[in-house]
**Student:** 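Encoded as structure tokens, here's the structure I'll be asking about.
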Amino acid sequence: MPKLLLSLLMGFTFISSSAQELPKNYGQLLKEVEPQLISWRRHFHENPELSNREFNTGKYIADYLKTLGIEVHYPVAKTGVMAILKGGKPGPVVALRADIDALPVVERVPLPFASKVTSEYGGQKVGVMHACGHDSHISILMATAKLLTAMQKEVPGTVVFLFQPAEEGAPGTEEGGAQLMIKEGLLDNPKVEAVFGLHINSQTPVGTLKYKSGAFMASADWFTIKVNGRGSHGSQPWGGVDPISASAQIIEGLQHIVSRQMDLTKAPVVITVGTINSGVRNNIIPETAVMTGTIRTLDTKMQKEVYERIKLTAETIAASSGATAEVSFENKTLVTYNDPALVLKTLPSLLKAAGAENVSESTWVTGAEDFSFYGEKAPSFFFNLGALPKGTAPKDAGPHHTADFYLDESGFIVGVKAFCQLVFDYGKLK
Ligand code: NI
């Protein structure tokens, strides 16, 4: 166990002894819910739905939560579900969040419950797959709701369950995801004091937890650069302004922002140009070229600086060849920031839930999460749960968002333990 963890654990043992104890039948409840959790997961896995189209998923969740006799609000934020459990002991209001959407991917894993679902995305016919594991998130949170309800008398405070649609991004210009949940006031009534969430990870050992205090996952920004040149015959480039060669220089320049201008000892920066489109024929110099890309940063100041430098780089390089560049940005997610005070207070709960030897610190992640928006409403803590089968090397595991994505279900129960422990301990910490 890392020294930091050990000292934290020792420093906080007084909290574990003063925290609201989980009832004696907790172990039995966990055992009973596990097969149900796995069958729910298989159901959702076989029946995935794209972002903002989680009609059956949302209804299934809502119908189940209603059988628990807790307050259920459905639909919220288009296809989502919000539920409220009032515990029998006084305490704070805590939110637990699961995202519920799937991706346009054709599943290749030969599972008996593999998805055969097809749908339409961006005008194309696509396969649909839970290729980011949100099926596990739904099932873990449903099982948590079941257990906390069974222990209701002992639960300190109020628990808000957020089953959120469209984490992967709402299609087109539709609203959706965490921002819409917030806009609909789902964290305001009752007023949430802390938000917890987890993400399954196919390349982290099964049943283990990974966390990071402070900036954890990157902000995602999209950018578009349109280079305006002047058309000419391909044999006489001096007669025009070539937007393609200017774009090539701009792409080079963008990578120099990362390698020469940003202080990478502070935090990593990624700039990727993902598309470039220009021209129709080999011997025509076109009038314009358009490229789009993504920016990942883990520090808000650096994010602003990257914006400014991309604009300056694109405009001045374009100007040097007689072209102009129009640069625009679109912010997609914020930095997922784990409140350091909250992490310090609640890390012992994760250690108890998974076993201290199964909890470790994560590096920065350049992937992004719309969970980041909840952090603007209340202190929040987002961590990873491993689902890599024992004996498999991380490099051999199917990455997220791919046809080979695969999860070992045997560690899902650790997610339920983590949520239950957080609710009970945080209730007494406040
Ligand atoms: Ni995801």
Side-chain angles (χ1 to χ4, degrees), residues 40-41 44-45 47-54 57-58 61 77-81 96-105 107 109 115 121 126-142 162-171 176-181 195-204 206 209-212 216-220 294 296 298 332-338 362-375 380-388 394 397-409 411-412 414-415 418-419:
W40 280 328
R41 187 266 166 159
F44 291 121
H45 193 83
N47 298 283
E49 294 174 295
L50 293 172
S51 308
N52 271 359
R53 305 289 181 271
E54 308 92 332
T57 306
I61 299 165
K78 294 195 192 275
T79 57
V81 188
L96 306 175
R97 176 271 207 168
D99 42 7
I100 67 170
D101 53 333
L103 287 157
V105 174
E107 178 150 21
V109 187
S115 166
Y121 182 76
V126 292
V128 184
M129 175 188 177
H130 266 294
C132 197
H134 299 184
D135 49 345
S136 69
H137 303 167
I138 307 167
S139 320
I140 288 169
L141 195 55
M142 284 171 69
L162 302 171
F163 291 89
Q164 178 213 301
E167 191 284 324
E168 303 288 356
Q179 283 171 293
L180 189 55
M181 300 280 282
V195 189
F196 298 100
L198 66 77
H199 205 299
I200 202 86
N201 191 289
S202 69
Q203 291 163 312
T204 296
V206 62
L209 298 176
K210 284 198 149 191
Y211 75 96
K212 190 175 174 305
F216 174 39
M217 297 178 74
S219 57
T294 188
R296 302 301 166 103
L298 284 122
K332 291 290 175 184
T333 74
L334 310 175
V335 173
T336 302
Y337 186 80
N338 288 330
S362 171
T363 54
W364 279 298
V365 174
T366 51
E369 246 294 334
D370 79 351
F371 183 86
S372 54
F373 290 103
Y374 297 120
S380 61
F381 186 7
F382 193 67
F383 51 91
N384 284 156
L385 170 63
L388 172 72
H400 288 240
H401 292 210
T402 71
D404 300 312
F405 181 74
Y406 173 79
L407 299 175
D408 183 334
E409 296 166 330
F412 290 179
V414 176
F419 279 152

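In each ligand, atom 1 is the first atom listed, and ligand 1 is the first ligand listed.
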**Student:** With sequence neighbours left out, which residue pairs that include part of residues 130-140 fulfil the salt bridge (Lys or Arg N to Asp or Glu O under 4.0 Å) condition?
**Tutor:**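 Sorted result for residues 130-140: R41-D135.
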**Student:** Is any side-chain heavy atom of E167 less than 4.5 Å from a side-chain heavy atom of H137?
**Tutor:**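 No, every pair of side-chain atoms sits at 4.5 Å or beyond.
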**Student:** Name the residue from F196, F216, Y211 that meets the side-chain contact (heavy atoms from CB on, under 4.5 Å) definition with F382.
**Tutor:**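 Result: among F196, F216, Y211, F216 is the only option passing the side-chain contact (heavy atoms from CB on, under 4.5 Å) with F382.
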**Student:** Have a look around the Ni ion (ligand 1) and list protein N/O/S atoms under 2.8 Å, or say none.
**Tutor:**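 C132 SG, H134 NE2, H199 NE2, with waters left out.
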**Student:** Below 30° counts as parallel, above 60° as perpendicular, anything between as tilted: where do the rings of H199 and H134 land?
**Tutor:**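 Aromatic pair H199/H134 classed perpendicular.
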**Student:** Are E369 and T336 linked by a side-chain donor-acceptor pair shorter than 3.5 Å?
**Tutor:**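 Judged by distance alone, the side chains do not pair up.
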**Student:** Is any side-chain heavy atom of D101 closer than 4.5 Å to one of P165?
**Tutor:**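 No, their side chains stay 4.5 Å or more apart.
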